[in-house]
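This structure is a prediction, so every number in the text was calculated from the model and none was measured.
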Protein chains: 2
Amino acid sequence: MSGRYGRGPRWWDSNLRKHSCRITMPRQVILDVLSNEEQHLSAEDVFLKVHKKYPDIGLTTVYRTLNLLTQIGLVVRFDFGDGKARYELSSGPEKKGHHHHLVCTKCNRIIDYDDFIEEEEKLFGKIEKVLSEKYDFEITDHLVRFYGLCEECRSEIQESL
Amino acid sequence: MSGRYGRGPRWWDSNLRKHSCRITMPRQVILDVLSNEEQHLSAEDVFLKVHKKYPDIGLTTVYRTLNLLTQIGLVVRFDFGDGKARYELSSGPEKKGHHHHLVCTKCNRIIDYDDFIEEEEKLFGKIEKVLSEKYDFEITDHLVRFYGLCEECRSEIQESL
DNA sequence: TTTGATAATGAAAATCATTTTCAATAAATT
DNA sequence: AATTTATTGAAAATGATTTTCATTATCAAA
Ligand SMILES: [Mn+2]
Ligand SMILES: [Mn+2]
Ligand SMILES: [Zn+2]
Ligand SMILES: [Zn+2]
């Protein structure tokens, strides 16, 4: 783990500095992986991808870094119910907009969707207002998710009949 | 673990039989706990309550039973993000109606609410229809949840300022 | 009611994702 | 370059849940 990380400064450097976190090689590499590759990676997924190019970066550091990035808000952590947390970049140039998820209960495939977000937000705005008064509860976030069977899993079930 | 379980047959006996599960003492006791006590119990919570009256029932059996009851639909399992699964009776006489949750991110308190369920369902019905076509995904269930700070936790924060 | 097949149980060990510990190392500031 | 201290990696620890396996209890059949 010596030398500086290749390419120039990144858009997230300021975020790190803002929280007085050092800009280290493992952090850069992990953020690069998160911003280039597909979403919803587990810690081990991240580790594996990182490991190919930088075999000296350990799994422990991946966990620590994902926790840090989640805390400072650069990354969002999800629990889809398969026993491992999943992570997704939350902001920046390559950011995906506000979206929710379809989760296949058979193969754990995750599908992002951003349809109806407007309508959802509108209803939730109203709900949040009423609930926070009624239950004296300050709402800061919400979770909407649909579970079911993806196309592949449905056809597998068909075949087995 | 000898002798039969005290009181007469229970409403859930038929559910168990339907799935060709034996009606055992541990299962009766665990179901009794779930139907009498407060909701959102962890496996260990259930074990502790069971243990007071029936010290011979093991934690392993509690886990196994909760899994079974979840599979046959008598119990619903939740992951609120504190590392342990929580369980709630899903049907029967003492059933709570369809409801969603407010989750305190500081103390993990869970508040049930059933306001706006109608409106939610109406919107979700529409969303589900469109999404299942667009993404070729058969939706079987949904999850709505609000995160935030409960009253107690807000006042604690106030005090510490 | 007794019997027999086998599903269910409990204790201990195993899993598995994640966290902690701690000595070594690297990033920022001077 | 020297100093300070946050960060790192390996190994061990943790903690919830599952698996294993020998023993026991349930239930249908005789
Ligand atoms: Mn997503
Ligand atoms: Mn509830
Ligand atoms: Zn699937
Ligand atoms: Zn709280």
* Answer yes or no: is there an ion pair linking A:Lys126 with B:Glu119, defined by an N-O contact shorter than 4.0 Å? => yes
* Structure fact -> Separation of C:dA27 atom P from A:His19 atom NE2, nearest Å, is 21 Å
* Closest to side chain of B:Tyr63, choosing from D:dA16, C:dT18, C:dT9 -> D:dA16
* **B:Asp136/A:Arg154 ion pair, N-O < 4.0 Å** => yes
* **Check ion pair A:Asp45-A:Arg86 (N to O, under 4.0 angstrom)** => yes
* Any B:Asn67 side-chain nitrogen or oxygen under 4.0 Å from OP1 or OP2 of D:dT18 -> yes
* Structure fact -> Atom CD of A:Gln71 and atom P of D:dT7 are separated, to the nearest Å, by 11 Å
* Structure fact -> From CE of B:Met25 across to P of C:dA7 the rounded distance in Å is 21 Å
* Using a cut-off of 4.0 Å on non-hydrogen atoms, how would the nucleic acid contact of B:Thr60 be classed: base, sugar-phosphate, or nothing? -> base
* Could you state the CG-C1' distance from B:Leu69 to C:dA8, rounded to the nearest angstrom? -> 13 Å
* Structure fact -> Judged by nearest nucleotide, the residue sitting upstream toward the 5' end of DNA chain C, B:Ser20 or A:Arg77, is B:Ser20
* Asked: Can you check the B:Asp82 CG to C:dT18 P distance for me, whole Å?
  -> 15 Å
* **Interatomic distance where CG belongs to A:Leu66 and P belongs to D:dT7 [whole Å]** => 15 Å
* To do: By nearest nucleotide on DNA chain D, pick out whichever of B:Cys21 and B:Glu44 is the more 5' one.
  => B:Glu44
* To do: Measure from CD1 on B:Ile57 to P on D:dA25 and round the result to the nearest Å.
  => 13 Å
* **Cluster overlap A:Phe47 with A:Val33, hydrophobic side-chain contacts below 4.5 Å** => yes
* Structure fact -> Side-chain atoms of B:Thr65 come closest, of C:dT9, D:dT7, D:dG9, to C:dT9
Please tabulate, one pair per line, each protein N/O and nucleotide N/O from nucleotides 28-30 of chain D that are separated by under 3.5 Å, including the distance.
none

* Asked: Given A:Glu120 and A:His100, is the side chain to side chain donor-acceptor pair (under 3.5 Å) satisfied, shown in steps?
  -> CA-CA 10 Å; A:Glu120 284 179 9; A:His100 294 148; 2.5 Å; yes
* Asked: Taking atom P of D:dC27 as reference, at what distance in whole Å does atom CD of B:Gln28 sit?
  -> 9 Å
* Asked: For B:Lys106, which residues count as a side chain to side chain contact (heavy atoms under 4.5 Å, CB included) partner, sequence neighbours excluded?
  -> B:Cys104, B:Leu149, B:Cys153, B:Glu156, B:Ile157
* Would you indicate what B:Arg64 reaches in the nucleic acid, counting non-hydrogen atoms under 4.0 angstrom: base, sugar-phosphate, or nothing? => base
* Asked: Any idea how B:Tyr135 and A:Tyr113 line up, ring-wise: parallel (<30°), tilted (30 to 60°), or perpendicular (>60°)?
  -> tilted
* Structure fact -> The residue, B:Thr24 or A:Arg22, whose nearest nucleotide of DNA chain D is more 5′ is A:Arg22
